[in-house]
Amino acid sequence: MEFSDTSKQKNKTNWKSQAGQLIIGGLFGFLLVSYYFRHDIMFSASGALLISVIAIISFIIGVIIHELGHAIAGKLSGMKIMNLSFGPFIYAKTHNQSRFFFKLPAMGYVGRAMLRFEQPIPEGQMRKGMIRLFYGGPLSNLIIGVPLLIASFYYGWSGWFVFALINIFFGLTNLANIEGAGVQSDGRVIAMLKGKLPGDDLILISYQILQEDPQGEGNWSKETAEKAKTVIERYPGWALAATLLSTVGPYYYHSNPQAYLELAEGRAFLPRNKQAGILQDITDISVATGYYYADRLMTEPTMKEKLHQIGTQETVTRHMRDMYVAIIEGNRNQALTSNYAAEAALGDWHPLYLEGTSLKRVLHEIRQDVKSS
């Protein structure tokens, strides 16, 4: 019954998402046609080129406005900025230092604002703060876009009209309840925080973990670890819940890898789908690490075939996949080469693994094992 309800909820969400996208598309089509007839626009090659340039610049500025809107809303809610991404340009606070990186965006994000609460707060207060955080981005676009749209529509400012449309597009699409390729729209997260499946507990535990352990070392309270375990078990079939396995891995790898594998049962090495490919890869490589620490990597049936399901989109998981395959095959040199390559891909900061502290420790321990074997 639980799987049936989950499937119905997903279908209902997908239907609403498609309907919302059609409505937004129809609205923009209506605005464009209305603007064209109101101002009797004459098309030309030079005019089209100018509008294209304005559209690109507007897109970039729209992303900046959106992410700064999140950052301001989060700061007003008592949160601390961890990183801000504008395309490949990233500002990050690592080890209490401000640093700038140039990295390709992860999972299709053109921008991202990642914040956390510094001190433990009641869940109700955390939920309210996070709702404000996720509303901050799209509302910033709309606050700027709507007045500009009205003014430019009335006065015929074509450049400002394009800028306004793009900001309104950012605002409306991010407020829509959309999930795709592992990316959650702001509206999707807000809906979950307000009770839509898979529920606010999945979002709250993620931020609770960030608050307790911003470096991702697995240093949490027992209560938080148990809560994360409960959330994972509560939502079978939800890729977003399964990705918590990669977060909780460092807590279990040394203390109880067998319990971790039991928790991962039925949630890893699943058939791939377009909506969550990279998320599944990250989950699977984390579970493969659990098999390694449980000393079952070499003996688990079809493990090599399971590892080959992991894709090549994300560099770190690809190199770790190759490392585990090489270990199974007894290819010591290839295992070391892939190990070093995974660590190099992590670098000082990574869009998905952040500082990668726990993963670097894992890679170092495996490297020492391979060298001594």
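All values below were derived from every heavy atom in this structure, side-chain atoms included, with hydrogens, water molecules and symmetry-related copies excluded.
- Annotation: side chain of W220 is in contact with side chain of V248 (closest heavy-atom distance under 4.5 Å).
- Between F269 and Y291, the angle of the ring planes lies from 30° to 60°, which puts this pair in the tilted group.
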- Task: Could you please spell out the steps behind the side chain to side chain contact (heavy atoms under 4.5 Å, CB included) verdict for D322 and R318?
- Result: CA-CA 6 Å; D322 294 343; R318 185 186 75 212; 4.3 Å; yes
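- Under the 4.5 Å side-chain criterion, counting only non-hydrogen atoms from C-beta, K194 is in contact with I131.
- Note that R132 lies outside the cation-pi zone of Y135, set by a 6.0 Å cut-off to the ring centre and a 45° limit from the axis.
- Under the 4.5 Å side-chain criterion, counting only non-hydrogen atoms from C-beta, D186 is in contact with H66.
- Between the R361 side chain and the T357 main chain, no donor and acceptor come within less than 3.5 Å of each other.
- Using a 4.5 Å cut-off on side-chain heavy atoms (C-beta onward), P105 and F89 make no contact.
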- Task: May I have the step-by-step check of side chain to side chain donor-acceptor pair (under 3.5 Å) for T289 and S286, ending in yes or no?
- Result: CA-CA 5 Å; T289 302; S286 302; 5.9 Å; no
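- Aromatic rings of Y293 and Y252 (six-membered ring for Trp) have centroids beyond the 6.0 Å cut-off, not under it.
- The aromatic rings of Y253 and Y260 lie perpendicular to each other, with more than 60° between the two planes, well past the 30° mark.
- Between K306 and D284 there is no salt bridge, since no side-chain nitrogen of the basic residue lies less than 4.0 Å from a carboxylate oxygen of the acidic one.
- Residues F117 and S77 come closest through the heavy atom pair CE2-O, 3.8 Å.
- Using a 4.5 Å heavy-atom cutoff, the side chains of Q208 and E123 are in contact.
- R296 has its side chain within reach of Q258: a pair of non-hydrogen atoms, C-beta onward, lies under 4.5 Å apart.
- Nearest heavy atom pair, residue M126 against residue Y207, reads SD-CB, 4.3 Å.
- Judged purely by atom type and a 3.5 angstrom limit, Q280 uses its side chain to pair as donor or acceptor with the backbone of P271.
- Ion pairing of K360 with E355 is absent here, as no side-chain N (NZ or NE/NH1/NH2) approaches a carboxylate O to less than 4.0 Å.
- Hydrophobic clustering (side-chain heavy atoms under 4.5 Å, transitive across Ile, Leu, Val, Met, Phe, Trp, Tyr) keeps I166 apart from I143.
- The shortest distance between side-chain heavy atoms of F161 and I51 does not fall below 4.5 Å.
- Contact record, Y251 with G218: CD1-O, 3.5 Å, taken as the closest heavy-atom pair.
- At least one side-chain heavy atom of D201 sits less than 4.5 Å from a side-chain heavy atom of Y235.
- Scanning all heavy atoms of the two residues, the minimum distance from V162 to A55 falls at CG1-CA, 3.8 Å.
- Residues D281 and Q309 come closest through the heavy atom pair OD1-O, 4.2 Å.
- Of the possible polar contacts, one joining the R332 side chain to the V370 backbone as a donor-acceptor pair under 3.5 Å is found.
- Of all heavy-atom pairs spanning N219 and D213, the tightest one is N-OD2, 3.2 Å.
- Looking at E233 and K229, a side-chain N of the basic residue comes within less than 4.0 Å of a carboxylate O on the acidic one, giving a salt bridge.
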